[in-house]
Amino acid sequence: MGTWEQEWIDEQRRVDQLSRKIDRKMKAINKVLGGKKGEVVEIRKNFWEDVTVNFEDAAEAAETAASIRQQAELLSEIERSHQGAAQQMKTYVKLKNSPYFGRIDFKEETESDADKIYLGISSFYDEETNDFLIYDWRAPISSLYYDHGLGTASYTAPGGEVSGEMELKRQYIIRGGKIKSMFDTGVTIGDELLQEVLGNEANAQMKSIVATIQKEQNEIIRSTRGDLLVVQGAAGCGKTSAALQRVAYLLYKYRETLNASEILLFSPNAMFNTYVANVLPELGEENMEQTTFQAYIEHHLGQDFAIETPLEQMEHMLSSQHEDGYEKELAGVRYKASLTFLEGIERYLGNLKESGMVFRGVHFRGKPILSAKQITEYFYSFEDSISIPNRLKTVSEWILKNVREFEKKERNADWVKEQLHYLDESVYTKLYNRLRKKKQYSNDTFNDLKREEEELSAVIVHKAIKPLRNKIQKLQFVNVKAIYSNLIRNEHDCLKELPQDWESIANQTKIDLSESRLSNSDATPYLFLKERIEGFQTNTMVKHVFIDEAQDYSPFQFAFIKRIFPRAKWTVLGDLNQSIYVHSPENAFDHLRTLFSSDRTEKVHLSRSYRSTRQIVEFTKQLLKNGGSIVPFNRDGQLPGVRKLSSRYQLHEEILDKVAAYEREGHQNIAVICKTVKESQDVYSVLKGRMKVKLMAEETVAYEKGVVVIPSYLAKGIEFDAVIIYDASNEIYSKESDRKLFYTVCTRAMHELQIFYVGEPCDFLTNVSAGSFQNEKAPAPQ
């Protein structure tokens, strides 16, 4: 028997021994889980029997409250303990299937023998030997595996730098407790393991692949030096996966001071949230808070406006590329997304301290309480040094005082007397009991009736006027619509460097506001202005903000988010080559870095693409003007296919044939990617009667396996086994601004890419070298 065969036997023996130890741990936890569950049931069942209830006086009531609190805390502690044991059980189940993926033999400088360090998704401590049989991939010593090859190596431990010699670096593929593959490697994670992971079919959820983290990704995961980490990465470079594993690392490293609820991820859309939802739980961590920027805007403005979404704006801009006025509209969108516009708003806010605030008069049932002029005069009676939010707080209190005075007078109004006759009997009973408790009834029936009528009148008016008080407390007497409209019309000359034909842009904005609509380009500036006027709502609880697909955010939006979370550290991930939104500038990340101290920012560039085969990467990088820096991972596949077709009918027949072929090859996730929603709907209506297919739309919240028809901008951030580009003709992708969009949709393919077009191909295809794709001959017209 050879040495390697013996090593394999020894390694499998270790896996078997570890499996038995894990089994014993699982049996012990099962007993704990059963016991804890019983305790929870028993306490809930007898909760009130174990609580002393007495409300006779203040002291007894306090004792009762303490008794309830004590019992509730006991229940809560047992439930937390049960949840912890249940989470531990899930971890052991995963470890039993695949206990570890790597091993390093590391000899410290001060030691004579090397330690064998096995790495897995979680640590496993053996009380019998007082030793870690598995180290968590996030532990400080585990960084040796990701950052170093054989030879001199070091890592940063809590006590300082530890140096030594790495004598062995081994990788495993273990499934069901059996070693399927084992190999020694050098500097990088071995290609064999990457091939095994990347060669699999796409999944409806993103995988956790801590076994294949590369050195540059490990740098992202473990970076804690600055306040801003910018990751510029090529399509398929693993930046999103690294970011999610960074969340897991932060939760591990700072487990005493950081929890998942203090980490917020801004994701591209709701569907993406479901796509990545499984990564952190696989790593034994709770999911962080997830939202979209659009959801935040909707939460604050959705009750007052119909707000255009980024995807609706994208659809509109793509559909109107050939219309008159497109370039002017584009210029307006980009201006409203700029820091120049934000600076103009700040100047405008400075002017509003002296003049320009617009108020609504306060009325009740058609009767004036305070006019807009009176409120304006009172607002500007304060010193200029007092901030607008502080002034409005005082103005609100002043208005409420006037409302209370009005309320007293209104009790004698005719409408009140009329409503007295129609009150529900329960209202009378409630009032009678209240007056009786106050001992306000006398022996004089006439006076009792009169007092009853006065009290009822007060109740009627107070209830009727309550919605008005709520509006005043919410500062709805401030006419933010009119204030924003005046800003856009530049009445105070605060906006500088305005694009041409700004007047028509301002007029359209005014129309939108009058119809309670907000364009996507107006939504963030409007909310920013509103918040600055009424008092900016900040969140100091969030400690880390993650922004994925950050190239889609405007400089204005970055500045706005920074103001919302003033104490948070940022991790920003994106690819400027996938900047498909019209408001995204070429230097978006440079604008972002100006919001942070220059010595507290860090940038990492990921150029190696792992998602697609080498042939697809070599093809797609030629679609860009600067794609030469993108490096493909060496995984072979078929050359992308490019085929010209003579008609839509022929195109649809070819799609049906191609999908069937892909399915025969075992591909489970196949996307037919169209440019717009309209085009997607048309294609779906043709295909749905002849094959099983789903239409993905903006409102789709879950990504499922199968064949899908999807618009270009919704496919971003997702990967598919096979991708069919519906029509890459010059008619569809005709402008230079479409280049990055076309690149983005082509890079969604993991294993197969097929491009069809009717008529002439788009210019981006003509620049790709002939040997990079199969120029397939079109079938004969039928």
Side-chain angles (χ1 to χ4, degrees), residues 204 268-272 274-275 292 294 306-323 326 329 517 519-520 552 580-582 643 645-660 662-663 669-735 737-738 741-742 744-746 748-749 753-759 762:
N269 49 59
M271 185 171 67
F272 186 83
T274 65
Y275 180 57
T292 63
Q294 181 67 17
I307 304 170
E308 181 186 44
T309 69
L311 297 182
E312 286 170 342
Q313 182 190 57
M314 183 76 177
E315 179 74 13
H316 167 68
M317 298 304 288
L318 288 176
S319 301
S320 61
Q321 283 181 332
H322 303 290
E323 295 177 7
Y326 171 80
E329 184 177 2
R517 294 196 313 265
S519 69
N520 180 254
D552 296 341
I580 65 173
Y581 287 97
V582 294
R643 176 176 288 187
L645 299 168
S646 60
S647 68
R648 295 283 158 192
Y649 171 80
Q650 197 177 54
L651 173 56
H652 298 147
E653 292 299 311
E654 284 297 304
I655 289 174
L656 290 165
D657 289 346
K658 183 58 72 172
V659 168
Y662 286 154
E663 288 179 328
N669 286 308
I670 303 167
V672 179
I673 303 183
C674 304
K675 188 178 182 184
T676 65
V677 167
K678 175 67 169 61
E679 192 177 62
S680 300
Q681 291 169 338
D682 291 345
V683 174
Y684 173 72
S685 66
V686 172
L687 298 181
K688 67 179 181 179
R690 303 183 63 185
M691 61 184 291
K692 188 176 180 181
V693 62
K694 304 184 198 74
L695 176 65
M696 306 296 277
E698 182 176 3
E699 58 272 15
T700 305
V701 294
Y703 169 50
E704 301 174 355
K705 283 186 177 183
V707 183
V708 300
V709 177
I710 187 168
S712 56
Y713 43 84
L714 203 58
K716 188 162 57 63
I718 304 175
E719 59 188 28
F720 303 92
D721 296 329
V723 165
I724 298 170
I725 305 301
Y726 175 69
D727 187 1
S729 68
N730 201 41
E731 180 185 350
I732 303 298
Y733 292 94
S734 59
K735 289 183 174 287
S737 57
D738 291 329
L741 179 63
F742 189 67
T744 299
V745 296
C746 290
R748 301 306 93 202
L753 173 62
Q754 176 65 54
I755 298 172
F756 293 121
Y757 65 91
V758 177
C762 63

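Everything numeric in this text was worked out from a predicted model, so none of it was measured.
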Problem set entry | With Gln294 via side chain to side chain donor-acceptor pair (under 3.5 Å) - residues at least two apart |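 Applying side chain to side chain donor-acceptor pair (under 3.5 Å) to Gln294 gives Glu298.
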For this session: Mind checking side chain to side chain donor-acceptor pair (under 3.5 Å) for Asp552 and listing every partner two or more places apart, or none if nothing turns up?
Result: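 With sequence neighbours excluded, Asp552 shows a side chain to side chain donor-acceptor pair (under 3.5 Å) to Lys716, given in chain and number order.
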Exercise. Side chain to side chain contact (heavy atoms under 4.5 Å, CB included) with Met696: which of Val709, Val708, Val677, Ile718?
Worked result: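 It is Val708; the other options fail the test.
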How far does [atom1] of [X] sit from [atom2] of [Y], to the nearest 0.5 angstrom?
X	Y	atom1	atom2	value
Leu753	Cys746	CG	SG	5.0 Å
Arg643	Leu651	CZ	CG	11.0 Å
Arg748	Asn669	CZ	CG	13.5 Å
Glu679	Ser319	CD	OG	9.5 Å
Lys692	Glu663	NZ	CD	10.0 Å
Ile673	Ile725	CD1	CD1	4.5 Å

Which heavy atom in [X] sits nearest to a heavy atom in [Y], and how many Å separate them?
X	Y	result
Ser712	Leu318	OG-CD1, 4.4 Å
Cys674	Val683	SG-CG2, 3.7 Å
Ile307	Glu312	O-OE1, 3.9 Å
Val659	Val707	CG1-CG2, 3.8 Å
Cys762	Tyr733	CB-O, 3.3 Å

Does the [X] side chain pair with the main chain of [Y], one donor and one acceptor, at a distance under 3.5 Å?
X	Y	value
Lys675	Ile732	yes
Asp727	Val758	yes
Asp721	Ile670	no

For this session: Check the pair Val672, Phe756 against side-chain contact (heavy atoms from CB on, under 4.5 Å), reporting the backbone distance first and the verdict last.
Result: CA-CA 11 Å; Val672 179; Phe756 293 121; over 6 Å; no
For this session: For the residue pair Tyr757 and Glu731, confirm or rule out a side-chain donor-acceptor distance under 3.5 Å.
Result: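 Result is no, nothing qualifies.
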Exercise. With no hydrogens and no angle check, do the side chains of His316 and Glu308 hold a donor and an acceptor under 3.5 Å apart?
Worked result: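 His316 vs Glu308: no donor-acceptor pair found between side chains.
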Between [X] and [Y], is any pair of side-chain heavy atoms under 4.5 Å apart?
X	Y	result
Leu695	Ser680	yes
Asp738	Gln321	yes
Asn520	Leu311	no
Val745	Tyr726	no
Met314	Pro711	no

For this session: List the steps and the verdict of side-chain contact (heavy atoms from CB on, under 4.5 Å) for Tyr581 and Met317.
Result: CA-CA 9 Å; Tyr581 287 97; Met317 298 304 288; over 6 Å; no
For this session: Might you confirm whether atom NZ of Lys735 has over 12 heavy atoms from other residues, nucleotides or ligands at distances under 6.0 Å?
Result: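 Yes.
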